[in-house]
Number of protein chains: 2
Amino acid sequence: MPPAAPAPAKSRPLSNFLCFAVYSANLAFGRAYKPILDELGLTYTQYIALVALAEKDEQTVGELGERLFLESNTLTPILKKLESLGFVARRRDPADERVVRISLLPAGQTLLDKDPGAILFEATGMGQEIVPMQQTIAELRDNLLRHSRGKG
Amino acid sequence: MPPAAPAPAKSRPLSNFLCFAVYSANLAFGRAYKPILDELGLTYTQYIALVALAEKDEQTVGELGERLFLESNTLTPILKKLESLGFVARRRDPADERVVRISLLPAGQTLLDKDPGAILFEATGMGQEIVPMQQTIAELRDNLLRHSRGKG
DNA sequence: TGCGATTTAATCGCATACGATATATATCAT
DNA sequence: ATGATATATATCGTATGCGATTAAATCGCA
């Protein structure tokens, strides 16, 4: 038998990339939320920002960014949109005019009280595993960010 | 003691949203890959597309989209960019001129053979848990997409 | 055979992410 | 007090995602 041409070394498949699992799961969540949020006139990121705003009143853009792992370049347009929709109020802090503080308006709190994402619990198919899964993925995130900070 | 004003019902915190864990972990992966991919002149999505292209030769845009959970509106500009960088070739299928087939060029295979993402294994801090984690997150993704397909 | 329906990519518009920069305000050192 | 420095937010340009539409090619079926 003639020597076979060297098979092109198969590189690592997508299924072995944790980053791709996370990437594609994120796309999947966005699509699952889409019909729910369309009803409410919100995008996925806008909704997540509202959830973060409910955790503490009168957060600054910077504080909100720490919660969401985003910066003002991304948040400012989103917060302006949420303001125009009547879900939040933005105002300069009189004690430090550099700072903008965001407050959740009643319409925003009302929307969150309905917990529109809850109906996706079943769609995850994860049952009670959902809690440890959140924790493990959050840990992964924190590990990666710590690594990046180290070299940043 | 006068009756306390009803405490505003705390809505579900960000830490209990699996979607936020996934969302933020995805951002974290992008940031961890950034310095590595900057060296190679690639973006995160371009890199993932290359990995997917290595799995099968001469894939169509549609096939690649099924692997990546993306469509031609997102892929076409990315593939054109990878072509301009010399990592892939794009050509119409002579047997069906609607179809565009993508082939990985030697420069692309060489890049993948170096597995530039491998040095992030340690940064995940997940040790051998990384394999079951990939599987669980992929399962989550598939469950969510099945749900969305059901109502799409 | 021919023509409407289907399929595949590509294009367009909008909303994120994010690096780089700009702007306004506050702080600090003298 | 004042100028240099630092900080907080906003703006700008580029690269995704994605719904909607378009353009080209193929298919199906009378």
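Chain identifiers are assigned alphabetically (A, B, ...) following the order of the sequence lines, protein sequences preceding nucleic acid strands; residue numbering begins at 1 within each chain. Computed from a prediction, not measured in an experiment: that's the story for all the values here.
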Could you pull out the closest heavy-atom pair between B:Phe87 and B:Leu40, with the gap in Å? CZ-O, 4.4 Å
May I ask you to evaluate whether A:Arg90 reaches the phosphate of D:dA10, defined as a side-chain N or O under 4.0 Å from OP1 or OP2? yes
Counting only side-chain nitrogens and oxygens, does A:Lys80 get under 4.0 Å of the OP1 or OP2 atom of D:dT11? yes
For C:dA10, does OP1 or OP2 lie under 4.0 Å from any side-chain N or O of B:Thr76? yes
Picking from D:dT9, C:dC18, C:dA10, which would you name as closest to the side chain of B:Leu27? C:dC18
What nucleic acid atoms does B:Leu75 come within less than 4.0 Å of, heavy atoms only: base, sugar-phosphate, or nothing? nothing
Can you figure out which of D:dT26, D:dA10, D:dT16 approaches the side chain of B:Asp96 most closely? D:dT26
Option among A:Arg101, A:Glu66, A:Arg67 that satisfies the side-chain hydrogen bond (donor to acceptor under 3.5 Å, both in side chains) test with A:Gln59: A:Arg67
Selection from D:dT9, C:dA10, C:dC18 that lies nearest to any side-chain heavy atom of A:Thr60: D:dT9
With the side chain defined as heavy atoms from C-beta on, B:Arg98 is closest, among D:dT7, D:dA25, D:dT9, to D:dA25
Which part of the nucleic acid, if any, lies within reach of B:Thr45 when heavy atoms closer than 4.0 Å are counted: base, sugar-phosphate only, or nothing? sugar-phosphate
Give one of base, sugar-phosphate or nothing for B:Arg101, where a contact means two heavy atoms less than 4.0 Å apart. nothing
From C:dA10, D:dT16, D:dT9, pick the nucleotide closest to the side chain of A:Val100? D:dT9
Reckon A:Gln46 touches a base, only the sugar-phosphate, or nothing at all at heavy-atom distances under 4.0 Å? sugar-phosphate
Would you say A:Glu83 and A:Ile102 make side-chain contact, with heavy atoms under 4.5 Å? no
Regarding the side chain of B:Arg31, the nearest nucleotide among C:dC18, D:dA10, C:dC12 is C:dC18
Do A:Asp142 and A:Arg146 sit within salt-bridge range, that is, some charged N less than 4.0 Å from a carboxylate O? no
For B:Asp93 and for B:Asn73, locate the closest nucleotide of DNA chain D by heavy-atom distance; then report the residue assigned to the nucleotide nearer the 5' terminus. B:Asn73
Using a cut-off of strictly less than 4.0 Å, decide whether A:Thr43 has a side-chain nitrogen or oxygen near OP1 or OP2 of C:dC14. no
Applying a strict under-4.5 Å side-chain criterion to I, L, V, M, F, W and Y, I'd like to know whether B:Val61 and B:Leu105 cluster together. no
Reckon B:Tyr23 has a side-chain N or O less than 4.0 Å from the OP1 or OP2 of C:dA17? yes
Closest of C:dA26, D:dA25, D:dT9 to the A:Glu97 side chain is C:dA26
